[in-house]
Structures are given as structure tokens and as C-alpha cells.
Amino acid sequence: MKRSKFKFFLLTIILFNIFVHFGIEKSNSNQPETNKFNYSYIETYPWIPKCNLETKLMPVYDSKRNLSNDYSSPSSDLTFEIRIIKAVIIYFPIDQYDSYADEFLWLFRSWIEIIYLEPSKWRTDLVIFIYENTDALKSIDLFRKLNCSFKNLRKSKLDKPMCTLVSFTPLKFRNLIDPELKIDQRLYNFLLYHSDIFGKKAAKILSDFLVKTIQSYPNADSVLIALDGYDHLKKSGYDFVIRSDIDVFLTPLFAKWSPKHCNDFYVGKGAYSAHFNMNRLKRAGYHINFLYGNHANLGSTWYSTTDQSRLVAYLSLFSMAYLANEEFSPPERNGDLNILLWPHWHYWVLSLYGQNLAMNHLIETKQMNIQLSDLLDYPAHEKRDINKIIHIHAYHNDMIFSKFDFKEGKYDRMDMNKLNFNIAHNYALKMAIEGKFFSKKKLLRIFLSAIKNKK
């Protein structure tokens, strides 16, 4: 009898150890998957690095060739005979119309300028993602007067440049699909390595992840449009998508410039990286198996293909939610510290931290040819020749051009007759003043005139 009890006891111990072992194995799914450092998105989704354009003048980038490129000069004149279709995409927060209307108008004015100057076979559309289900949109006539419409849909490369509105639900107005979603390492692993990131299931779970972590963060939507707008952009057949903030200007060089390779990914230059935040991002990346190469100040503007932009948007949004959940305390997320920790660690630039983490990983794993370019996000208060940059960004400053001084009317009576408009800050001033004081009727008239010469 005693021997039977002993055997039963011994069997119990063995079974217990087996269950513990399997329990540990199961719990390992809650740990970083160290073998995922070599996980390749472009092998899993082989269409990502491909291009709409099929031309030897703009070949697919081959990382094995290690070509040296001059990214500052315009495209060869031979490319002017190719039909190249681009979209500048922005998010317009309709509930903050008064804050952003002026910025939209100066962007619109500079967009007309480049339509005049670009080759007759090229097209650049202005695509505005906006919350449609709101009374605020119905109460304003800005977009209607400028012929920006939900009905403007690109159906052919021959269609003339257009200003398109796309219905978009901002993060702060979204509801949870699964209120029971648990945020842990298992969720991180699933979203990064075990889901179809181009599928609806992953999109819904990611949306819930964002709602639970960063729903009140105001800068997520400008990244989210590259994810949620994917189907619209693909259907429209764009060769290149330029994701941008609103407070920017397109330059004459933009009109005649295109990437050296059809699948290059250009990112503008920011000013937020510091020794502390780069080290912190590197440590944070390790726990989700992201490699970090200390590529600093990757900015807010992207210029690439629709597929590559969607991949970067997905990984950037994930990284934003992950960092908010793991690396920022509630007082930081609530803004209680204001700018006390700037530039070392600051919640307001979470969108830039998120994309910095994602892009560093893609660069270090050689999955994308990401180029940090000073052609994009060039400061609007600087003096570079506008024929050497393609995109100007109005940052926080008190020099000409300052968007704050502009909004306060400090430039309204300025004599601009003797200004050199080939200089970045003067060009920005000219576009902003004309956008502000030209009537909507005049802006529409010069737009219609600009598209007449399109073939």
C-alpha cells in the first residue's frame, strides 16, 4: 500500500514537472522572439519593393550593387516623357479648421505652382483625408470653392491633376472593436510576426491597440492615413505617394524631380534626436526584436511607393502604441510635464519616435532603401535656393518665414517687390501671402489654367 502511494506521489511529481515545462514553453510566447531579428517583411510580402513604373530610367533599387547616387538633381529630361502619377497626401483636422485653413491654402497655392511647371505628362494630385461624418465639414465652403471633392477619383493616368477628399475617421472618434484586448508581449509578437499585416484582422487589432494607448495623441492621424488610405491610393494607381504635414510648401524643383529608383524611400530631416532618446529607443526596440542603427532625425515627410509607405505606416503606428504603453508614464502622456524633458524624451514627438524605431529596423535589416534627405522638410526660415530643394516645412521659429507671425498678420503689409523669391523663406512668404489674400475664385481660376496644358 505504501509502495502504491509512493508511486502515485512520484507520478504526480513527474506530471507536475511536465505541466510546468509546457507552461514555461507557453509563457515564452510572452517573451521577445529572438529569432525574429532576421524576419523579412519584403520576403513575406514580396510585392512591397515592386513598382508601378516599368522603365530603365528609374530602375528598382538593388541593395547588392551599392550604387552611389546624387539625390539633389532633377530627373533626366528623358523621364519627362513617362507618365508619372504622384499624390501629396495630408490629414486635415476639420474640428480645428481655424488653425489649419491658412496652412492648407498656402499648400494649395504652391501645389498650383508645381502643376504649371511639371512635365505635361506628369500628374500630381492633392489628396486630403478628412472626417466626413461631422457638421463642421458641412458648415464650411473652402473645399467646395477650390473644387476639392469626394467625387474626384482618379480613374486613369490621363486624368488631369485633381484635389480629392477621402473619408477618414480620426483616431479620437474610433470605438474599440474588442474591449477585452489584452496588451502584452503576445500581442506585440502577433502584430509584428504572426499576422497578415495587409489583412483586415491585423488592421482591426492594431486599431484597437492604438485606441487603447494613444487615442488622445493628436499626431497619429497624419501617419494613419498612409495605412487606412492604402486601398484608395492603390486603386488610384499612384506611382509615388508623398505623406506630408499641412504646414508645407512644394517648390519648383518638386515639379521636375523624381526618385533615382522607383522604389526608393525618402524621408525628410527632423530635429528631435538626442543621445538619451536614441539610447532609449534602441533598448525599447530590443524587446520587440527591432534592430537600431542610430539613424537620427528621420523627419515627418515621406516620399515613396504606396506599398512601402503602408509598411512603414504600419510599423510606425505599432511602435508609437508600443512606446506609449511601455516607455511613457501617465503624467507624460497627459502632458503634465509639458516640455520639461525636451529634447531628451518628449511625448509630443511620439510619432517621430515611432517611425524612427521602425525605419531604423528596416534600414539595418536592409529591407528598404531609406534615404534621409534634406530635400524634404527644409526649414521655411532658411535661405537655400528653392531649385535645390523639393519641399519646405514651417517649423517653430521667430524668423521669416514664421507661421506664427504669419497667422498674427505681421506680414500682411510687407513690401515684397524687392524680394528674391528663389530663396526658400521668401518663396514660402509669397505662397503664404497669395494663399491668404487671393480669393478662392482666383485660386480656382489659376488652378484650372494650370491643368489646361496637361497631355
For residues Phe254 and Trp257, establish whether the separation of their ring centroids is below 6.0 Å. no

Under a 3.5 Å distance rule, please check whether Gln355 uses its side chain to pair with a backbone N or O of Ala313 as donor and acceptor. no

Do the rings of Phe406 and Trp106 sit parallel, tilted or perpendicular, given the 30° and 60° boundaries? perpendicular

Look at the side chain of Thr251 and the backbone N and O of Ile389, then say whether any donor-acceptor pair between them is shorter than 3.5 Å. yes

Do Tyr39 and Tyr193 have their ring centres less than 6.0 Å from each other? yes

With ring centroids as reference points, do Tyr395 and His393 lie under 6.0 angstrom apart? yes

Would you find a donor on one side and an acceptor on the other, under 3.5 Å apart, between the side chain of Asp208 and the backbone of Asp178? yes

Compute both the distance and the angle, then confirm whether Arg333 meets the cation-pi test with Phe328: under 6.0 Å from the six-membered ring centre, within 45 degrees of the axis. no

Is a side-chain N or O of Asn356 found less than 3.5 angstrom from the main chain of His295, in a donor-acceptor match? yes

Intermediate values then yes/no, side chain to side chain contact (heavy atoms under 4.5 Å, CB included), Phe173 and Thr134: CA-CA 11 Å; Phe173 294 128; Thr134 174; over 6 Å; no

So, Thr301 and Asp377: side-chain donor and acceptor under 3.5 Å apart, yes or no? yes

Can you confirm whether or not the ring centre of Phe129 sits under 6.0 Å from the ring centre of Tyr91? no

What closest approach, in Å, do Pro161 and Ile115 show between heavy atoms, and which atom pair accounts for it? CB-CD1, 3.9 Å

Check for me whether the distance between the ring centres of His396 and Phe404 falls short of 6.0 Å. yes

Using the six-membered ring wherever Trp is involved, compare the ring planes of Tyr100 and Phe92 and label them parallel, tilted or perpendicular (cut-offs 30° and 60°). perpendicular

I'd like to know if the side chain of Asp405 reaches the main chain of Lys410, judged simply by a donor and an acceptor atom lying under 3.5 Å from each other, with no hydrogens or angles considered. no

Using 30° and 60° as the class boundaries, would you call the ring planes of Phe318 and Tyr322 parallel, tilted or perpendicular? parallel

Please test Trp342 against Tyr272 for ring pair (Phe, Tyr, Trp, His ring centres under 6.0 Å), starting from the C-alpha separation and ending with a verdict. CA-CA 9 Å; Trp342 173 261; Tyr272 60 89; 8.0 Å; no

Quick one about Gln371 and Tyr303 (side-chain donor to acceptor, distance below 3.5 Å, no hydrogens or angles considered), yes or no? no

Minimal heavy-atom distance between Leu311 and Leu362, with the atoms involved, is CD2-CD2, 4.3 Å

Please determine whether side chain to side chain contact (heavy atoms under 4.5 Å, CB included) holds for the pair Lys86 and Trp122, giving the CA-CA distance in whole Å, both sets of side-chain angles, and the decisive distance to 0.1 Å. CA-CA 8 Å; Lys86 299 180 282 186; Trp122 289 18; 4.1 Å; yes

Modelled atom types, side-chain donor and acceptor of Glu132 and Ser167, under 3.5 Å: yes

Look at Asp307 together with Lys50 and state whether they make a salt bridge at an N to O cut-off of under 4.0 Å. no

Is the Lys NZ or Arg CZ of Lys442 less than 6.0 Å from the centre of Phe438's six-membered ring, within 45° of the axis? yes

Arg174 charged N/C atom sitting above Phe168 aromatic ring, 6.0 Å / 45°: yes

Could you check whether Tyr411 and Phe401 have their ring centres less than 6.0 Å apart? yes

According to the interplanar angle, ranging from 0 to 90°, do the rings of Tyr45 and Trp47 count as parallel (below 30°), tilted (30 to 60°) or perpendicular (above 60°)? perpendicular

With no hydrogens and no angle check, do the side chains of Tyr266 and Asp264 hold a donor and an acceptor under 3.5 Å apart? yes

side-chain hydrogen bond (donor to acceptor under 3.5 Å, both in side chains) assessment of Glu113 paired with Ser110: CA-CA 5 Å; Glu113 195 73 5; Ser110 70; over 6 Å; no

Is it true that a side-chain atom of Glu103 and a backbone atom of Ala394 form a donor plus acceptor pair closer than 3.5 Å? no

In a check of salt bridge (Lys or Arg N to Asp or Glu O under 4.0 Å) between Glu118 and each of Arg123, Lys256, Lys454, which one passes? Lys454

Distance-only donor-acceptor check, side chains Tyr116 and Asn453, under 3.5 Å: no

